[in-house]
Amino acid sequence: MDSAESCLLQLRCTNCGQRWPADTVQTTCPSCGRVLFAEYDLEERARRAMTPKALVQRSWTLWRYAELLPVRNPVHRLTLGEGGTPLIPSMRFAEYLGLKHLWWKDEGQNPTGSFKARGQAAAISRARELGVRVVALPSAGNAAAAMSAYAARAGMRAIVFMPADTPPAMPAECRAYGAHVFLVHGLISDCGQLVRRGSEQFGWLDVSTLREPYRAEGKKTLGFELAEQLGWQLPDVIIYPTGGGTGIVGMWKAFSELESLGLIGSHRPRFVMVQAEGCAPLVEAFHRGTRHATPWEHAQTLAPGIRVPSAIGDYLILDAVRASHGIAVTVSDQEILDGMVRLARFEGIFTAPEAGATVAALMKLRETGEITAETSVVCFLTGTGLKHIDLIAGDYPVLDPSSPDEALAYVASVLQEAGKG
Ligand SMILES: *Cc1c(COP(=O)(O)O)cnc(C)c1O
């Protein structure tokens, strides 16, 4: 069913424009060191094959878009059910903010609990097809978990480097999948240095964000899916918590490919790029008007996925946000926590702190009037809250079941107290 042929042609450097063969292992541009993008036969083959009618027959994983994914032999398409996440219409939160068209794209429902599964499903499948045996990456947690899971499925060795203060659920999850986990005293950028050296010395494939070409391909399915779920229309505004930036970069590429296929028009949503006050290199560069960002010193935020002091794809992110007439905002850790709690209480969705940042940005833009009652908005909830229970947990009353009357009198007093608030 999802045995459609990939229309992959070659790789092309997003900076110097040079083309490279796609059927050997590539990382960054051999000529200038910047980001390589996959190119497809869009106008002819993909246009003919990937029609809305053909899609209806296919299952809801990201492989439904196989024509525009890099894996040629269906045997190598690893799947754990990634993609096909629900686009949930907001109920109480939309009402609270006075918005008529608000949706949540709940990426926490992916395998390994975040949208990182999309990128790793594509990257590890393609690496397997090209004969790679060992993969490594620096990660704030979710990318490592996803890589480890798909590497386990592929029978590959996975090596993971994480900041030592990563929430403990992340390394535990990687260990469960059989990855070799190393904690590093430092930030994700320090982990990245180790991976780059290690890859040179030992021949691991470095699957760092945008340092190999296919994670972005998996992530662009966020954009395909959104368009398809909205009946080949796009919203006015997309809010996205931005770290390494593959989400925004991938969606931007997706929209342009869909336009080449004739599935959407030239209208584009405005991207809202959200970063934390304690680590906002891209927001700063956006406002300064430069094409590259300055590495952020002493990066600090409780949302690990957006604690990224410098991104190799900074120019791609900034170009996309600008071309979309987008907006760049920062939010504080307190606002992030508040966003998580509100979303859980209003909508029943327990998200990662990065998604709390999305919610916080939504509230800010509603307040400033950039988002009005009529604006259609999609908020990306990039991960599950279940790996971050330390941010929510408190002390719970403990009851003694041997004196039930006393216990229940205590329960009644607590509920009465809560009712007053
Ligand atoms: C990695 C991550 C992000 C950042 O996404 P990019 O597309 O790399 O900018 C946001 N949220 C979560 C939960 C993440 O794991």
Side-chain angles (χ1 to χ4, degrees), residues 35 82 85 104-120 122-123 137-149 162-163 166-167 169-170 173-174 188-189 191-192 207-211 215-223 238-254 271-276 279-283 293 299 301-314 316-318 320-321 328 331 336 339-340 343 349-361 379-388 391:
V35 178
E82 56 293 318
T85 59
W104 314 111
K105 182 71 171 151
D106 188 8
E107 288 294 301
Q109 296 194 33
N110 273 300
T112 73
S114 83
F115 80 103
K116 295 289 198 306
R118 294 177 186 267
Q120 296 294 347
L137 94 174
S139 171
N142 283 324
M147 182 188 81
S148 304
M162 287 187 219
T166 299
M170 307 280 191
E173 191 182 355
C174 296
I188 189 168
S189 36
C191 300
V207 289
S208 302
T209 303
L210 293 173
R211 283 185 193 277
R215 276 176 72 183
E217 293 303 293
K219 290 187 183 172
K220 83 183 176 187
T221 61
L222 287 170
I238 286 175
I239 309 185
Y240 195 91
T242 308
T246 45
I248 284 186
V249 167
M251 275 192 271
W252 193 245
K253 186 172 190 280
F271 277 129
V272 176
M273 159 170 84
V274 189
Q275 295 201 296
C279 181
L282 295 164
V283 174
T301 165
L302 54 76
I306 54 174
R307 193 177 64 169
V308 180
S310 79
I312 179 177
D314 54 1
L316 297 171
I317 306 162
L318 289 161
V321 176
V331 294
I336 288 174
M340 278 175 82
L343 191 73
I349 308 173
F350 181 27
T351 62
E354 296 82 357
T358 297
V359 176
C379 288
F380 277 87
L381 309 178
T382 42
T384 175
L386 291 173
K387 303 188 196 187
H388 300 274
L391 296 178

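Reckoned from all heavy atoms, side chains included, excluding hydrogens, waters and symmetry mates. Read the numbers this way: they start at 1 and go in the same order the structure lists the ligands and their atoms.
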Qualifying residues under side-chain hydrogen bond (donor to acceptor under 3.5 Å, both in side chains), relative to Q109, sequence neighbours excluded: D106

query: For T85, which residues count as a side-chain hydrogen bond (donor to acceptor under 3.5 Å, both in side chains) partner, sequence neighbours excluded?
result: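 If we apply the side-chain hydrogen bond (donor to acceptor under 3.5 Å, both in side chains) test to T85, skipping adjacent residues, the hits are K105, E107, R118.
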
field: Under 4.0 Å from ligand 1, counting heavy atoms only: the protein residues, by chain and number
entry: F115, K116, N142, Y240, P241, T242, G243, G244, G245, T246, G247, G305, E354, T382, G383

message: Are S114 and E354 packed together at the side-chain level, in the sense that at least one heavy-atom pair is separated by less than 4.5 angstrom?
response: no

- prompt: Do the side chains of K220 and M251 get nearer than 4.5 Å, heavy atoms only?
  reply: no

message: For N110, is there any backbone N or O sitting under 3.5 Å from a side-chain donor or acceptor partner on T112?
response: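 It does not hold such a pair.
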
- request: Not counting sequence neighbours, which residues clear side-chain contact (heavy atoms from CB on, under 4.5 Å) with V249? List them please.
  value: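 V249 satisfies side-chain contact (heavy atoms from CB on, under 4.5 Å) with F37, L316, I317 once adjacent residues are dropped.
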
